[in-house]
**Student:** 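Sending over a structure as structure tokens; questions will come in a sec.
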Amino acid sequence: MANEVIFKNRDLDRLWDIEQYRSRGGYEVLTRILTEKTPPAEIIDGMKTSGLRGRGGAGFPTGLKWSFINRSAPGDKYLVCNSDEGEPGTFKDRDILRYNPHALVEGMLIASYVIDAHRAYNYIRGEFWEPYERFQNAIDQARAAGFVGNNILGSGFDCELNVHLGGGAYVCGEETALLESIEGKKGQPRYKPPFPAHVGLYGRPTVINNTETLASVPTILREGAEQFRDIGVENSGGSKLFSISGHVKNPGVFELPMGTPFSELFELAGGMRDGSKIKAVIPGGSSSPVIPGEIMMDLTMDYDAIAKAGSMLGSGAVIVMDESTCMVKVLDRMGYFYYEESCGQCTPCREGTGWLYRIVHRIENGQGRPEDIDLLMDVQNRIRGKTICALGDAAAMPVAGMLRYYQDEFQYHIDHKKCKVGAGT
Amino acid sequence: MSALETKNRNELFTPEIRAEIDHEIAKYPEAESQSAAMAALRIVQDANGGWLTQERMDEVAAYLDLPPIAIYEVATFYSMYEHKPVGRNKLCVCTNISCMINNSDQIVEHLNNRLGIKFGEVTEDGRFSLKEVECLGACGGAPMMQVGRKYYENLTPERLDSILDELE
Ligand SMILES: Cc1cc2nc3c(=O)[nH]c(=O)nc-3n(C[C@H](O)[C@H](O)[C@H](O)COP(=O)(O)O)c2cc1C
Ligand code: SF4
Ligand code: FES
């Protein structure tokens with residue numbers, strides 16, 4: 001497809017081998033930058049023009065993030081890639097690691113050059129063993145070809161690239177928890193400020209970007225920042241990987257221009273399975289508030305459109321649910337997840353996620369109390385904006401979203417001590 | 001001084017394990033060998049039948065020249081470290097949203113019935129243990145589970161049976 005960036009060369013059967021990656025221009029941009037000694041500011045300008053926003057969930061403009069690093073400050077700087085991929089519903093970075101690992105290697109090297117980092121780490125979640133092996137193999141091949149290590153291509157630029165495997169903790173996807181984890185500690189998020197651009201890994205200036213963000217870099221710089229930007233829409237440059245799962249016929253990862261109608265993505269995924277009817281969609285990972293199917297059908301997949309509908313594009317993880325789905329059960333399971341994964345550092349999150357889970361759980365089990373819906377709203381409100389990291393918000397927002405559209409199901413559970421949908425409890 | 005401290009570093013672990021841990025240490029700046037703690041625990045756990053004992057954790061601490069508490073903190077924070085015996089095959093079943101709405105309950109139930117164990121338990125012959133895990137980033141293949149280093153996706157009770165038969 002013409003608009004593909006990450007999956008552009010997926011027609012090749014072994015794109016993860018360096019020869020195939022190079023046969024389509026792979027490592028050309030890196031080579032040009034290093035031999036011509038392209039001024040880093042020029043590359044940053046290009047990234048700004050491209051409109052690329054961080055694909056990890058927060059959507060922060062990548063060029064701007066890179067510009068925060070004071071390149072000429074003495075001492076070490078670090079580039080860190082976030083392949084923790086823990087947001088429920090998200091499974092795109094795994095495909096990048098498996099099918100296009102060299103795009104990530106090249107993107108990480110370019111970003112390292114821009115911020116003058118001589119060490120770069122890719123933090124891959126520990127469960128991703130097979131994707132890790134693919135990626136490690138790509139590093140080894142790149143090293144053998146002279147793209148990794150000391151004095152790369154005779155340019156005088158040194159860069160070591162290594163993998164750090166996680167140990168199973170959702171919160172480590174949060175960038176400062178991730179840094180703690182690389183330092184060999186518990187993954188507890190740090191207070192911000194200071195931001196990682198000033199005090200990051202080992203206390204040094206650090207850029208952290210998502211896998212998809214960094215893997216987009218080589219193509220953006222090779223084919224032109226404007227061209228990338230124009231694939232997408234205003235405020236949402238480029239294409240994006242969407243992970244779509246749930247009750248669709250063909251779940252999977254699809255790369256589409258930002259601003260593509262949801263209905264097109266839905267169709268690519270084969271529509272609903274077994275002739276069932278769509279009920280609701282979680283558009284951007286489990287932390288993003290749910291949207292009813294009929295509203296979703298009129299939305300486009302870009303930051304602004306989804307935000308206007310009261311949710312978030314997040315990591316682009318779309319979970320489609322059919323009419324047999326009990327929303328109380330879904331929120332019960334989500335509540336358990338956030339409760340389990342809270343790192344426990346701040347009271348509103350540690351206690352609040354426990355409250356949320358226990359309340360929804362008792363509603364689900366027919367023990368809900370008349371005051372529970374108000375209580376849920378109150379508790380989620382007391383978490384939002386009052387915590388060290390965004391996990392607290394991530395736990396709270398879906399609660400308000402569920403109650404906004406599906407309060408009747410919760411009420412029914414409370415009043416009748418059973419499920420309205422039938423297929424649930 | 002504890003018994004461990006008097007031990008020479010070279011007496012801890014087998015040469016293979018030491019080499020693996022040293023390889024990890026080399027990934028990080030010189031003064032930052034604590035960064036290798038997670039990998040060291042993983043390596044030692046794998047060599048110890050899939051779980052950690054206090055003795056093994058103390059050895060990791062001694063090897064990395066860290067206070068034992070620093071290692072206990074890491075080993076108890078991350079869910080992939082085990083502190084009780086596990087089966088030779090640790091079946092990690094995802095029950096998060098995409099898997100749940102694709103009937104992970106049925107998968108869990110089938111495993112409960114066939115193996116006679118619940119989450120957190122090990123079969124009597126030590127062949128299998130069962131663990132509930134959060135989204136493993138493979139929701140397109142829901143319902144799914146991880147066994148060892150491998151993912152098994154699009155599970156059905158029938159497929160489960162043939163997978164279990166093949167696991168020693
Ligand atoms: C609880 C939590 C979990 C997160 N998990 C991930 C993750 O798995 N992968 C990721 O790239 N970003 C994750 N993020 C976002 C990161 O903190 C960070 O914004 C991102 O890695 C920056 O990269 P980007 O600018 O390229 O998106 C998470 C954030 C929070 C609060
Ligand atoms: S919001 Fe939750 S996960 Fe984040 S630092 Fe606070 S307690 Fe930890
Ligand atoms: S929900 Fe099971 S792998 Fe994501």
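Quick note on labels: first sequence line is chain A, next is B, and so on, each numbered from 1. None of these values were measured; they are calculated from a predicted model.
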**Student:** Of the listed residues (B/M38, B/E134, B/Q146), which shares the most heavy-atom pairs with chain A below a 4.5 Å separation?
**Tutor:**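 The candidate making the most pairs under 4.5 Å is B/E134.
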
**Student:** Shorter than 4.5 Å, heavy atoms on both sides: which option in A/H164, A/M321, A/E341, A/E160 has the most such pairs with chain B?
**Tutor:** A/H164

**Student:** Please check: side-chain N/O of B/N102 versus main-chain N/O of A/G246, any donor-acceptor pairing under 3.5 Å?
**Tutor:**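 Here the side-chain-to-backbone pair exists.
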
**Student:** Measuring heavy-atom distances to chain A, does B/A138 have an atom under 4.5 Å in its side chain, in its backbone, in both, or in neither?
**Tutor:** both

**Student:** Taking the side chain as every heavy atom from C-beta outward, state whether A/N162 and B/Y28 have any pair of such atoms under 4.5 Å apart.
**Tutor:** no

**Student:** Heavy-atom pairs under 4.5 Å with chain A: which of B/C135, B/G141, B/A75, B/C139 has the most?
**Tutor:**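 Answer, by heavy-atom pair count under 4.5 Å with chain A: B/C139.
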
**Student:** Counting only heavy atoms not in B/D65 (residues, nucleotides, ligands), do more than 12 fall under 6.0 Å from its CG?
**Tutor:** no

**Student:** Quick check for you: among B/G137, B/A70, B/A37, which has the greatest number of heavy-atom pairs under 4.5 Å with chain A?
**Tutor:** B/G137

**Student:** So, for B/L136 and A/F128, which heavy atoms are closest and what is the spacing to 0.1 Å?
**Tutor:**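 Answer, listing the atom of B/L136 first, then A/F128: O-CE2, 3.2 Å.
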
**Student:** So does A/W129 get a backbone contact from the side chain of B/Y151, meaning a donor-acceptor N/O pair under 3.5 Å?
**Tutor:**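 Checked: no pair found.
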
**Student:** So for A/S243, is it side chain, backbone, both, or neither that comes closer than 4.5 Å to the heavy atoms of chain B?
**Tutor:**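 Contact with chain B is absent: no heavy atom of A/S243 under 4.5 Å.
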
**Student:** Under the 3.5 angstrom rule, does the side chain of B/S98 hit a backbone N or O of A/G89 as a donor-acceptor pair?
**Tutor:** no

**Student:** Does the side chain of A/E130 reach to within under 4.5 Å of the side chain of B/R149, using non-hydrogen atoms?
**Tutor:**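 A/E130 does not reach B/R149 side chain to side chain.
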
**Student:** For A/V320, is it the side chain, the backbone, both, or neither that has a heavy atom closer than 4.5 Å to a heavy atom of chain B?
**Tutor:** backbone

**Student:** Step by step, work out the side chain to side chain contact (heavy atoms under 4.5 Å, CB included) result for B/E73 and A/K185.
**Tutor:** CA-CA 7 Å; B/E73 278 192 359; A/K185 302 171 188 158; over 6 Å; no

**Student:** Going from CD1 on B/I101 to SG on A/C326, what distance comes out if it is rounded to the nearest 0.5 angstrom?
**Tutor:** 12.0 Å

**Student:** A/S181 and B/Y78: side-chain donor and acceptor closer than 3.5 Å?
**Tutor:** yes

**Student:** Less than 4.5 Å to any heavy atom of chain A: does that hold for the side chain of B/D105, its backbone, both, or neither?
**Tutor:** side chain

**Student:** Check each atom of B/E132 against the heavy atoms of chain A and say whether the ones under 4.5 Å are side chain, backbone, both or neither.
**Tutor:** side chain

**Student:** Please classify the contact between A/Y170 and chain B as side chain, backbone, both or neither, with a heavy-atom cut-off of under 4.5 Å.
**Tutor:** neither

**Student:** Okay, side chain of A/Y202, backbone of B/P29: is any donor-acceptor separation there less than 3.5 Å?
**Tutor:**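 No, because the side chain of A/Y202 does not come within donor-acceptor range (under 3.5 Å) of the backbone of B/P29.
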
**Student:** Looking at B/K27 and A/V163, would you say the former's side chain and the latter's main chain have a donor-acceptor pair under 3.5 Å?
**Tutor:**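 Yes, the answer is positive, given that a donor and an acceptor are paired below the 3.5 Å cut-off.
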
**Student:** If you round to the nearest 0.5 Å, how far is NZ of A/K186 from OG1 of B/T76?
**Tutor:** 7.5 Å

**Student:** Please determine, among A/E127, A/E85, A/R125, the option with the most heavy-atom pairs under 4.5 Å with chain B.
**Tutor:** A/E127

**Student:** Would you give the length of the straight line joining atom CZ of A/F91 to atom CD of B/E153, rounded to the nearest 0.5 angstrom?
**Tutor:**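 CD of B/E153 is found 9.0 Å from CZ of A/F91.
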
**Student:** Could you look at A/I319 and say if it's the side chain, the backbone, both or neither that has a heavy atom under 4.5 Å from chain B?
**Tutor:**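 A/I319 touches chain B through side-chain heavy atoms alone.
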
**Student:** Tell me whether B/R42 contacts the main-chain N or O of A/G126 through its side chain, where contact means a donor paired with an acceptor under 3.5 Å.
**Tutor:** no

**Student:** Answer yes or no: does atom NE2 of B/H83 have more than 12 heavy-atom neighbours from other residues, nucleotides or ligands under 6.0 Å?
**Tutor:**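 Enclosed: over 12 neighbouring heavy atoms sit under 6.0 Å from NE2 of B/H83.
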
**Student:** Hey, is the main chain of B/T95 close enough, under 3.5 Å, to the side chain of A/R333 for a donor-acceptor pair?
**Tutor:**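 Yes; judged by distance alone, with no hydrogens or angles, the pair exists.
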
**Student:** Can you measure from OG1 (A/T325) to CD1 (B/I97) and round to the nearest 0.5 angstrom?
**Tutor:**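 Going from OG1 on A/T325 over to CD1 on B/I97, the span is 10.0 Å.
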
**Student:** Less than 4.5 Å apart, any side-chain heavy atom of A/V171 and any of B/F77?
**Tutor:**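 The answer is yes, as the side chains (C-beta and beyond) meet within the 4.5 Å cut-off.
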
